[in-house]
Participant: 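Questions regarding the structure given below will be posed in turn.
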Amino acid sequence: MLSTHCDNAPNSCRLALEHCQDLFRPGERVSFHSNGIDIGNDKRIDLSRATRWQPYALYLSPQRRQEIDWQGLAQITQASVVQSSSLFYFQSDNIFYQEMSRLLQLHRAKLILALREDNYFAIENEMTALLGLGIGLTPTGDDYLSGLSAVLFINGHPANKYRSLFISVLARARNQTTLLSAITLREAIEQRFRESIHDFIYHALNGEQQNIQQFINEIKKIGSSSGCDMLCGMADAFALTRYDGGNHVNQDCD
């Protein structure tokens with residue numbers, strides 16, 4: 001259940017309320033019906049006049065793949081999170097977080113190299129290493145993979161050949177992370193994500209980069225650091241998508 005200040009999202013019901021936290025109680029029974037949702041013994045959400053959020057389908061044509069400044073998009077996106085709350089760029093003296101940040105950067109770099117080299121075995125190993133790595137209800141590594149998947153698995157993107165591999169790795173290593181995080185990553189692989197992420201990618205694909213920072217700022221509001229971690233993944237995916245005339249993804253982050 002989302003309050004009115006939140007953006008639309010998959011598997012969610014957005015209510016015309018400023019706050020939801022005082023309305024629902026843990027353990028209340030939820031019953032779904034064709035025209036509404038019953039919660040507990042005293043609440044019903046009438047869906048008969050509700051509208052369904054239907055985002056535009058994202059598609060990357062070969063022509064757009066040549067025209068888009070992927071490296072520029074990667075640099076803008078990356079620059080927005082370097083001085084953020086992302087654990088990828090942890091800057092304090094906590095030894096535990098320092099080590100976690102080191103591992104995140106290590107497996108991030110190895111995963112990108114594996115994708116560049118089309119090394120399925122290494123992709124599986126590095127994705128497994130990132131799953132559940134980090135802090136929060138959706139760990140840092142999972143959020144990074146969600147951002148990466150949101151771009152790499154756009155319809156028409158050459159990296160779609162890795163989609164079944166990502167799904168199988170997530171299914172096998174599901175117990176390494178939280179249920180919510182596993183669902184979020186699976187949805188991102190299936191191209192189902194929050195409206196703020198959809199709007200950012202949609203404008204990036206359509207070459208509307210003049211006001212791209214405002215869409216980045218909306219994503220940064222997701223969770224305490226989840227949005228920033230997702231942006232790290234999207235930045236790497238943009239760099240990987242740099243057109244080089246072939247049918248494989250390429251990368252040049254530096």
Side-chain angles (χ1 to χ4, degrees), residues 1-3 6-15 20 30 32 37 47 50-60 77 81 86 108 111 115 123-124 126-128 130-157 159-205 215-216 218-238 240-241:
M1 297 298 174
L2 304 175
S3 55
C6 297
D7 54 333
N8 290 305
N11 304 324
S12 303
C13 179
R14 190 161 174 257
L15 307 175
C20 292
V30 179
F32 294 87
I37 305 173
L47 299 179
T51 56
R52 182 180 293 273
W53 175 51
Q54 297 282 15
Y56 294 108
L58 299 174
Y59 175 70
L60 179 61
T77 307
V81 295
S86 173
R108 171 191 187 181
L111 176 59
L115 288 164
I123 293 170
E124 181 176 354
E126 298 311 319
M127 183 179 172
T128 302
L130 283 166
L131 278 171
L133 181 60
I135 56 176
L137 191 55
T138 54
T140 312
D142 298 28
D143 288 330
Y144 170 83
L145 290 170
S146 292
L148 191 76
S149 300
V151 175
L152 292 187
F153 301 133
I154 295 170
N155 188 22
H157 197 295
N160 266 284
K161 63 183 180 179
Y162 301 121
R163 180 176 169 275
S164 60
L165 176 61
F166 270 56
I167 292 173
S168 66
V169 172
L170 176 59
R172 178 177 53 78
R174 152 72 189 86
N175 290 333
Q176 289 183 200
T177 189
T178 67
L179 176 59
L180 175 61
S181 193
I183 292 173
T184 301
L185 176 53
R186 179 56 192 262
E187 293 286 73
I189 295 171
E190 299 291 350
Q191 291 292 282
R192 286 167 51 82
F193 29 73
R194 290 175 61 152
E195 187 174 19
S196 54
I197 296 173
H198 178 277
D199 288 349
F200 172 50
I201 298 175
Y202 177 82
H203 283 82
L205 293 182
F215 297 105
I216 291 175
E218 287 301 310
I219 296 174
K220 291 173 72 174
K221 296 176 183 178
I222 299 175
S224 59
S225 63
S226 289
C228 294
D229 299 329
M230 290 178 185
L231 285 167
C232 288
M234 285 185 267
D236 284 352
F238 289 144
L240 280 164
T241 313

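Just so it is clear, the model here is predicted, and its values are computed rather than measured.
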Participant: With sequence neighbours excluded, tell me which residues meet ring-ring contact (aromatic ring centres under 6.0 Å, His included) with Y56.
Facilitator: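 Applying ring-ring contact (aromatic ring centres under 6.0 Å, His included) to Y56 gives Y202.
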Participant: Heavy atoms only: give me the nearest L165-S168 pair and the separation to one decimal.
Facilitator: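 Minimum heavy-atom separation between L165 and S168: O-OG, 2.8 Å.
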Participant: Examine distances only and state if a side-chain atom of D229 and a backbone atom of G141 form a donor-acceptor pair shorter than 3.5 Å.
Facilitator: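 Checked: no pair found.
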Participant: Calculate, to the nearest 0.5 Å, the distance between atoms CG and CD1 belonging to L170 and I183 respectively.
Facilitator: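 So the gap between those two atoms works out to 10.0 Å.
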Participant: Identify the residue among R52, H198, Q54, E195 that makes a side chain to side chain donor-acceptor pair (under 3.5 Å) with N8.
Facilitator: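 One option only clears the test, and that one is E195.
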Participant: Measure the spacing between SG of C228 and CG of D143 and express it to the nearest 0.5 Å.
Facilitator: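 Output value for this atom pair is 10.0 Å.
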Participant: Are any non-hydrogen side-chain atoms of L111 and I123 less than 4.5 angstrom apart?
Facilitator: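 Side chain of L111 against side chain of I123, heavy atoms only: contact under 4.5 Å found.
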Participant: For T241 and H157, work out which heavy atoms get closest and say how close.
Facilitator: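 Between these two residues, the closest heavy atoms are OG1-NE2, 2.8 Å.
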Participant: Run the salt bridge (Lys or Arg N to Asp or Glu O under 4.0 Å) test against R186 and tell me which residues pass, sequence neighbours left out.
Facilitator: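 Partners of R186 by the salt bridge (Lys or Arg N to Asp or Glu O under 4.0 Å) criterion, ordered by chain and then number, come out as E190.
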Participant: What pairs meet the side chain to side chain donor-acceptor pair (under 3.5 Å) rule with one or both residues in residues 144-156, with sequence neighbours excluded?
Facilitator: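 Sorted result for residues 144-156: Y144-D236.
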Participant: Search all heavy atoms of Q191 against all heavy atoms of A150 and return the closest pair with its distance.
Facilitator: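 Closest approach of Q191 to A150: NE2-O, 3.1 Å.
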Participant: State the OG-CG distance between S225 and L231, to the nearest 0.5 angstrom.
Facilitator: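 The CG atom of L231 is 11.5 Å from OG of S225, to the nearest 0.5 Å.
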Participant: Please determine whether side-chain contact (heavy atoms from CB on, under 4.5 Å) holds for the pair I201 and M234, giving the CA-CA distance in whole Å, both sets of side-chain angles, and the decisive distance to 0.1 Å.
Facilitator: CA-CA 9 Å; I201 298 175; M234 285 185 267; 4.3 Å; yes
Participant: For L137 and T178, work out which heavy atoms get closest and say how close.
Facilitator: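 The answer is O-OG1, 2.6 Å.
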Participant: Closest heavy-atom contact between L205 and Y59?
Facilitator: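 Heavy-atom minimum between the residues: CD1-O, 4.0 Å.
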Participant: Under 4.5 Å between any side-chain heavy atoms of L133 and T140, yes or no?
Facilitator: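 Counting from C-beta outward, L133 and T140 never come under 4.5 Å.
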Participant: Roughly how far, to the nearest 0.5 Å, is the CG atom of L185 from the CG atom of L145?
Facilitator: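 The CG atom of L145 sits 5.5 Å away from the CG atom of L185.
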Participant: Determine whether S226 and T184 satisfy the following criterion, side-chain contact (heavy atoms from CB on, under 4.5 Å), listing intermediate values before the conclusion.
Facilitator: CA-CA 11 Å; S226 289; T184 301; over 6 Å; no
Participant: For Y162 and L152, what are the C-alpha separation, side-chain angles and deciding distance, and is it a side-chain contact (heavy atoms from CB on, under 4.5 Å)?
Facilitator: CA-CA 9 Å; Y162 301 121; L152 292 187; 5.7 Å; no
Participant: Within a strict 4.5 Å, meaning less than it, do heavy atoms of the L148 and L115 side chains meet?
Facilitator: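 Yes. Closest side-chain heavy atoms under 4.5 Å.
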Participant: With a 3.5 Å cut-off and no angle check, do the side chains of R172 and T128 form a donor-acceptor pair?
Facilitator: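 Present: a donor and an acceptor within the cut-off.
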Participant: Quick one: CD1 on I216 to NE2 on H203, what's the gap to the nearest 0.5 Å?
Facilitator: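 Answer for the CD1-NE2 pair, I216 versus H203, is 12.5 Å.
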Participant: Can you tell me how far the NZ atom of K220 sits from the CD atom of E218, to the nearest 0.5 Å?
Facilitator: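 Output value for this atom pair is 11.5 Å.
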Participant: Between L130 and D142, what is the shortest heavy-atom contact and its length?
Facilitator: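 Shortest heavy-atom separation between L130 and D142 comes out as O-OD1, 3.6 Å.
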